[in-house]
K.L.:
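The following block contains the structure, expressed as structure tokens.
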Amino acid sequence: MKFTLEKKDTASSARAGTIKTDHGEIKTPIFMPVGTVGSVKAVHIPHLSSDVQAQIILGNTYHLYLRPGLDIIKQAGGIQKFNGWNRPMLTDSGGYQVYSLSGTRKLKEEGVTFQSHIDGSRHEFTPERVMDIERTIGADIMMAFDECTPYPCDYEYAKNSLDLTHRWLDRCITRFEETECPYGYEQSLFPIVQGSTYRDLRIKSAEYIAQKGADGNAIGGLSVGEPHEMMYEMAELCCGILPSDKARYLMGVGTPANILESIALGIDMFDCVMPTRNGRNGMIFTSEGIINIKNNKWKDDFSPIDPNGPSFVDSFYTRAYLRHLFAAGEILGPMIASLHNLAFYLWLVGEARNKILDGTFSSWKDQMVKKVATRL
RNA sequence: GGGGAGAUACCAGAGCGGUCAAAUGGGGCAGACUGUAAAUCUGUUGGCGAAGCCUUCGGAGGUUCGAAUCCUCCUCUCCCCA
């Protein structure tokens, strides 16, 4: 893949760019819907491109390896052939599962042994193994295997973990360079900056990652419970060190406000389960603020879900009806909410891009951050 | 007409002399969720409040230091036999 910087904002560090992959182009800044098991939960694949306007989606190495397994994905001809999304994809490496499944895994120098959340069987993930799996899954962008540290995290642990992540990165790069995509198109490898919330560790990590010359660089280990200001501070610090001619990806972020603030710091790519998971749980993000559609106050609100929303569901369904669907436990509720939230997220980053291109990003961003964080 | 069972908080339904403002479900109300072990999880659901106090278990009386729990009558439901 190739990242091209198109325009840099003057009043902030925001940028607009284009990522070219063999599965198509991605206009940045971009939000990437999370499709852990090869499916963005509750959303049809064709709707991701038509209604949501998604340009790239995620898959997860750990989950796809466990189910359906590499044989099936290989037989299908890669993940995009398997799920029908013939556009760019990115696979997370399982590094987040080192964090989220910390109770059922063992971490060593060599790698991590996970105990499957599905059947309890044990599986060893080494950096080399993860590269092989990600090659087989076939996403355009592969993430390096890292340890996502928790918050809070004491300095010693963060420092040692960081060094381990760097050693793993070198092993990932070696294996990555020894192998190739089994399906004939190009795959890229993104390294990941760690260092918890410590400035010196983040600097050390960003400098280490920067000199690897990867097509894009990720910042991980944030949005794991630390205060927002701390997250922004770390992101800003990393953006100042990571090369400006390469894509920057802030992993796992975040709320609409988080995304806008991070775009202003120079981030190009985002992913987060929030629009889908929170959507399934009744949280609706709109340009006017956040709605908990399960709340009693919406029971007789027959106005559109989001009068200015970009998706057909926004004006087709009313708030009262959507609340009814949630109250009744109807599957259609989470489907509508997921579609709406994703379309809103993609609209938001698309607008951010437009504002960067026409030079009005900063003032628009300040105004928008307030609105999207409002509780309606 | 005869015999039997029962009436408990929004609903269903435990409790059968004190540790009961009353289990458990459901429903209601609210909250959480940030590289997805999540269509999940948590709190709350008589009234005010910090402890605590006040009014509750069909209705009216009674027994007892103490009753949702025991007794009497009343009202109402359901079942069986004629």
Side-chain angles (χ1 to χ4, degrees), chain A residues 31-43 56-64 66-67 89-105 114-120 130 134 139 141-151 165 190-194 218-228 230-232 235 249-259 261-262 267 269-283 285 290 292-299 323 325-338 341 345 375:
Chain A
F31 177 80
M32 307 181 281
V34 178
T36 306
V37 303
S39 149
V40 175
K41 295 185 193 297
V43 182
I56 170 171
I57 64 173
L58 261 65
N60 185 286
T61 300
Y62 166 82
H63 293 82
L64 289 167
L66 288 180
R67 194 164 54 191
M89 275 194 74
L90 178 153
T91 36
D92 186 28
S93 60
Y96 186 74
Q97 281 60 48
V98 177
Y99 156 77
S100 67
L101 303 180
S102 61
T104 52
R105 55 82 173 153
F114 288 106
Q115 188 161 10
S116 162
H117 67 284
I118 299 166
D119 64 4
V130 168
E134 292 197 80
I141 299 172
M142 302 166 35
M143 299 308 298
F145 192 46
D146 66 334
E147 180 189 9
C148 176
T149 50
Y151 177 84
T165 286
F190 280 24
I192 304 169
V193 176
Q194 288 291 341
I219 302 165
L222 292 175
S223 64
V224 287
E226 78 284 2
H228 287 175
M230 209 173 259
M231 174 173 82
Y232 297 142
Y249 166 25
L250 181 56
M251 305 185 77
V253 173
T255 65
N258 288 161
I259 288 172
E261 295 290 11
S262 302
I267 302 290
M269 304 164 71
F270 301 89
D271 79 284
C272 191
V273 302
M274 198 172 276
T276 44
R277 180 193 286 168
N278 290 32
R280 289 194 303 280
N281 295 328
M283 188 180 280
F285 298 95
I290 298 166
N292 182 344
I293 200 64
K294 293 195 278 196
N295 285 175
N296 182 262
K297 64 201 282 192
W298 307 114
K299 70 178 175 199
R323 173 176 150 43
L325 293 177
F326 269 95
E330 282 293 307
I331 189 73
L332 186 56
M335 289 171 69
I336 292 170
S338 298
N341 282 346
Y345 266 61
R375 294 279 180 154

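Labels below follow one simple rule: chain letters A, B, ... track the order of the sequence lines, proteins then strands, and each chain is numbered from 1.
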K.L.:
Check the distance between rG35(B)'s C1' and I56(A)'s CD1 and give it to me in whole angstrom.
P.N.:
13 Å
K.L.:
Taking atom C1' in both rG31(B) and rU75(B), compute the distance separating them and give it to the nearest angstrom.
P.N.:
45 Å
K.L.:
Taking N281(A) for the side chain and N278(A) for the main chain, is one N or O donor matched with an acceptor at less than 3.5 Å?
P.N.:
no
K.L.:
Is a donor from one side chain sitting under 3.5 angstrom from an acceptor on the other, for D92(A) and Y62(A)?
P.N.:
no
K.L.:
Classify the nucleic acid contact of G221(A) as base, sugar-phosphate or nothing, counting any heavy atom under 4.0 Å across all strands shown.
P.N.:
base
K.L.:
Please report whether the ring centroid of Y345(A) lies less than 6.0 Å from that of F31(A).
P.N.:
yes
K.L.:
By the 4.0 Å heavy-atom rule, please label E330(A) as base, sugar-phosphate, or nothing.
P.N.:
nothing
K.L.:
Which part of the nucleic acid does N60(A) contact within heavy-atom distance under 4.0 Å: base, sugar-phosphate only, or nothing?
P.N.:
sugar-phosphate
K.L.:
Rounded to whole angstrom units, what separation is found between the CH2 atom of W298(A) and the C1' atom of rC29(B)?
P.N.:
16 Å
K.L.:
Determine the Euclidean distance between corresponding C1' atoms of rC81(B) and rC65(B); express it in Å to zero decimal places.
P.N.:
47 Å
K.L.:
In whole angstroms, how far is the P atom of rA38(B) from the OH atom of Y99(A)?
P.N.:
15 Å
K.L.:
Is any N or O donor-acceptor pair between the side chain of T276(A) and the base of rU36(B) shorter than 3.5 Å?
P.N.:
yes
K.L.:
What's the CD1-P distance between I192(A) and rG35(B), to the nearest Å?
P.N.:
13 Å
K.L.:
Regarding N60(A) and Y96(A), is there a side-chain donor-to-acceptor distance under 3.5 Å anywhere?
P.N.:
no
K.L.:
Any side-chain to backbone donor/acceptor pair from N341(A) onto F285(A)? Under 3.5 Å, distance only.
P.N.:
yes
K.L.:
Just the rounded figure in Å: distance from C1' of rC29(B) to NZ of K299(A).
P.N.:
11 Å
K.L.:
Looking for any heavy atom pair under 4.0 Å, which part of the strands does S116(A) touch: base, sugar-phosphate only, or nothing?
P.N.:
nothing
K.L.:
Please state how far atom CG in L64(A) lies from atom C1' in rU36(B), giving the value in whole angstrom units.
P.N.:
12 Å
K.L.:
Output a table of nitrogen or oxygen pairs between the protein and nucleotides 30-34 of chain B separated by less than 3.5 Å.
P.N.:
{"residue": "rA30(B)", "atom": "OP1", "partner": "N296(A)", "partner atom": "N", "Å": "3.4"}
{"residue": "rA30(B)", "atom": "OP2", "partner": "N296(A)", "partner atom": "N", "Å": "3.0"}
{"residue": "rG31(B)", "atom": "OP2", "partner": "N292(A)", "partner atom": "ND2", "Å": "3.1"}
{"residue": "rG31(B)", "atom": "OP2", "partner": "N295(A)", "partner atom": "OD1", "Å": "3.4"}
{"residue": "rG31(B)", "atom": "OP2", "partner": "N295(A)", "partner atom": "ND2", "Å": "3.2"}
{"residue": "rC33(B)", "atom": "O2'", "partner": "N278(A)", "partner atom": "OD1", "Å": "2.9"}
{"residue": "rC33(B)", "atom": "O2", "partner": "N281(A)", "partner atom": "ND2", "Å": "3.0"}
{"residue": "rC33(B)", "atom": "N3", "partner": "N281(A)", "partner atom": "ND2", "Å": "3.4"}
{"residue": "rU34(B)", "atom": "OP1", "partner": "R277(A)", "partner atom": "NH1", "Å": "3.3"}
{"residue": "rU34(B)", "atom": "O3'", "partner": "G252(A)", "partner atom": "O", "Å": "3.2"}
{"residue": "rU34(B)", "atom": "O2'", "partner": "S223(A)", "partner atom": "O", "Å": "3.0"}
{"residue": "rU34(B)", "atom": "O2'", "partner": "S223(A)", "partner atom": "OG", "Å": "2.6"}
{"residue": "rU34(B)", "atom": "O2'", "partner": "G252(A)", "partner atom": "O", "Å": "2.4"}
{"residue": "rU34(B)", "atom": "O2", "partner": "N258(A)", "partner atom": "OD1", "Å": "3.4"}
{"residue": "rU34(B)", "atom": "N3", "partner": "N258(A)", "partner atom": "OD1", "Å": "3.0"}
{"residue": "rU34(B)", "atom": "O4", "partner": "H228(A)", "partner atom": "NE2", "Å": "2.6"}

K.L.:
In chain order, what residues pass the side-chain hydrogen bond (donor to acceptor under 3.5 Å, both in side chains) check against E147(A), with sequence neighbours excluded?
P.N.:
Y157(A), S161(A)
